[in-house]
2 protein chains.
Amino acid sequence: MTANISDVARRAHVSVATVSRVLNDNYPVAAPTRERVEEAVRDLGYVANAHARALITATSGTVGVLLHDVSDPYFAEIVRGIQEVADEAGRLLVLCSSLRDPSREIAYIKMLRGQRVDAVILTSGYIEDDEFVVALQEQARGLRAQGSRLVLCGGYPIRAPAVAPDNAGGAFRVTRELLQVGHVRIAHLAGPPRFSTTEDRLRGYQGALASFGLEPEPELIVTGDFTRQGGYDACLKLIDSRAQFSAIFAANDIMAIGVLAALRERGLEVPRDISLVGFDDIPISRDLTPPLTTVAVPMAEIGRRAMQLALCQPPPEDSVTRLPTQLVRRSSVAPVRGAESAELAPAR
Amino acid sequence: MTANISDVARRAHVSVATVSRVLNDNYPVAAPTRERVEEAVRDLGYVANAHARALITATSGTVGVLLHDVSDPYFAEIVRGIQEVADEAGRLLVLCSSLRDPSREIAYIKMLRGQRVDAVILTSGYIEDDEFVVALQEQARGLRAQGSRLVLCGGYPIRAPAVAPDNAGGAFRVTRELLQVGHVRIAHLAGPPRFSTTEDRLRGYQGALASFGLEPEPELIVTGDFTRQGGYDACLKLIDSRAQFSAIFAANDIMAIGVLAALRERGLEVPRDISLVGFDDIPISRDLTPPLTTVAVPMAEIGRRAMQLALCQPPPEDSVTRLPTQLVRRSSVAPVRGAESAELAPAR
DNA sequence: CTGAAAGCGCTAACAA
DNA sequence: TTGTTAGCGCTTTCAG
């Protein structure tokens, strides 16, 4: 069916070893011989079988990437960064959407181990689930035993090289941004439970409140699932709870988009009636109305670094590279109105 | 290092053949034997080497996907659809960003051929470039010779199974939508040259004008590169050219976002001063201000269908599955003002 | 139901 | 500089 190396050898009147040498260019071969081989390769449209090669070299030139979903801009940006350096290094990427399902995550890692990937990069965010952590640790060990490795994007309770944004710091700063212009009753639309991202951003929010001598109020913390719909629903729930607040800090920009829609639907204007901030600075955030004040997370850079950790020789230490986040001021925040700021509630 | 099949066999006191049989569950094995093997597998953390398997079976359980860039929502949605059915079928996806570079595209296909992928799905859009077409045809042949196949998303002058949206029809309808409310001078922000998508949408635009007895005016057709920046730049260029127009049809939603920004910057309001329509209906389009009237392309469905074509047995015919597009009316279109509509120009 | 053995296509000693 | 050959880890006849 498909030409193999001995077909090429026969056609070029050389041995398979010689063909292998010109293909890999890792051994001296006489110029005329090389040409004959190259011609045979061309004539036959020969492409070396990567599996046979991988079987011997025990590496595949392939890196596995686990993410939530490519259509989530946050992950898409990370993948873009990963792609960039994969491309430079001549590596292929195997992408797996786990949809935040821990068991699926483990199943994928096993498949990737079977593929003898050079590394697997986990981006989906730690799931605080003991069973999962144990399984993950086991997979990390298995990977290492294969001469591969696990690289983490984000905070995981696992010993492995990692790169993670300063979520808590960013959340702290963006919350203070709200506090500094007089907001006191700031609602937080948190991410799904058990994710390090959720926890870290929540912690930053609480820290900022505390730095202003404020107690976090449970009824002002609502949970979403990092989707537009989740943000929309949570915001409506918040409004309908009749809790008082003058600002909302959404744990990611996508939920902020849902909030914007919900608020508009209820006749509330941002930032006139309610101030709103997000997190991530996904590309669209600048184009929202109003342009969203948020915290920039260097997603592509996280991807790039992760891929570097995945490929670098010798293997990196099991330490986390913390990347700074940055407050991006746009137009979705306004000073709280009037002197009775603390009492201000959304109009109904 | 890593356990292999004979380690498992030894530990379970059986032959490698038996291990293989329980692993693949394609042959009768006595229950107690099977259990011993399964236990050994568990104890050793054994994962079968997919390369060794691929070497024999000549299939890899892997499908290659070529796209422009994951961080482009259009492609991200297609990939999401592809992922869905890949997952159901237990297939792994190898993703390659070609960034619309034809030579990179060919290089990737070669790598994927080496990986013995079960199929490669091309989504990046046809590049009208003879050299490329010849090379692509050659790769398609090579793929077929391997028992693999090429599947196309979009219009290509290549004989292969394909699934493509009705771009021309959608462009026709959305342009008519503008014409019907009195717009006569409609600018078109076309995509990059040599892409079938660009050509088809342009054709639909021209067809709609013709159906109203209008001649397309060259100065109203500007080219962008399907990015926000491209849309922004093109729109500014259009305004500065002092050409007269009351509406803009952007060849994709992302460029429409750039147009929105450019228009706002010049103090032009949509749809009061200028009506705007896009194409694709990417998820964010409903959240723009104003919500964008556009043409919905079933991106995820394209991906799903493409993957089905990639996997189905027996191999599909070399025919294109045309998927309908649908006009989505939102709020970025208004009737042209006054009676002198044809003469209306954007305020300066 | 289980085992022995022949490769799949390639690389990497080892010879020549 | 080139050729010969022994596997890499697995599946799959073919025997038993």
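Reminder, nothing fancy here: chain letters follow the sequence lines and each chain counts from 1. Source: prediction; values computed, not measured.
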Contact residues, residues 2-17 of chain A to DNA chain C [heavy atom, < 4.0 Å]: Asn4(A), Ile5(A), Ala17(A)
Set of ring-ring contact (aromatic ring centres under 6.0 Å, His included) partners for Tyr74(B), sequence neighbours left out: none
What does Ser20(B) touch in the nucleic acid at a heavy-atom separation under 4.0 angstrom: a base, only the sugar-phosphate, or nothing? base
Salt bridge or not for Arg80(A) and Glu77(A), using N-O below 4.0 Å? yes
Scan residues 140-148 of chain B against DNA chain C and write down, sorted by residue number, each residue with any heavy atom closer than 4.0 Å; if none is found, say none. none
Using side-chain contact (heavy atoms from CB on, under 4.5 Å) as the criterion, list what pairs up with Arg11(A), not counting sequence neighbours. Ala40(A), Asp43(A), Leu44(A)
Name all residues meeting the side-chain contact (heavy atoms from CB on, under 4.5 Å) criterion together with Arg304(B); count only those two or more places apart in sequence or in a different chain, and write none if there are none. Glu84(B), Val85(B), Ala300(B), Glu301(B)
Angle between the two end axes of the helix from dC1(C)-dG16(D) to dA16(C)-dT1(D), five base pairs per end, rounded to 10 degrees? 40°
Is there a donor and acceptor pair closer than 3.5 Å between the side chain of Arg21(B) and the base of dG3(C)? yes
Show, in sequence, the C-alpha distance, side-chain angles and deciding distance for Gln115(A) and Thr62(A), and conclude whether the side-chain hydrogen bond (donor to acceptor under 3.5 Å, both in side chains) test is met. CA-CA 8 Å; Gln115(A) 300 284 337; Thr62(A) 276; over 6 Å; no
Heavy-atom contacts under 4.0 Å between residues 35-52 of chain B and DNA chain C, which residues? none
Pairing residues for Glu317(A) by the side-chain contact (heavy atoms from CB on, under 4.5 Å) criterion, not counting sequence neighbours: Ser319(A)
My understanding is that only residues two or more places apart in sequence, or in another chain, count here; which of them pass salt bridge (charged side-chain N to carboxylate O under 4.0 Å, His left out) with Arg91(A)? Asp118(A)
Who passes salt bridge (charged side-chain N to carboxylate O under 4.0 Å, His left out) against Arg10(A), sequence neighbours left out? Asp7(A)
Among all residues two or more places apart in sequence or in another chain, which pass the side-chain contact (heavy atoms from CB on, under 4.5 Å) test with Val16(A)? Ile5(A), Ser6(A), Ala9(A)
Which residues within residues 53-63 of chain B lie with some heavy atom under 4.0 Å of an atom in DNA chain C? Leu55(B), Ile56(B)
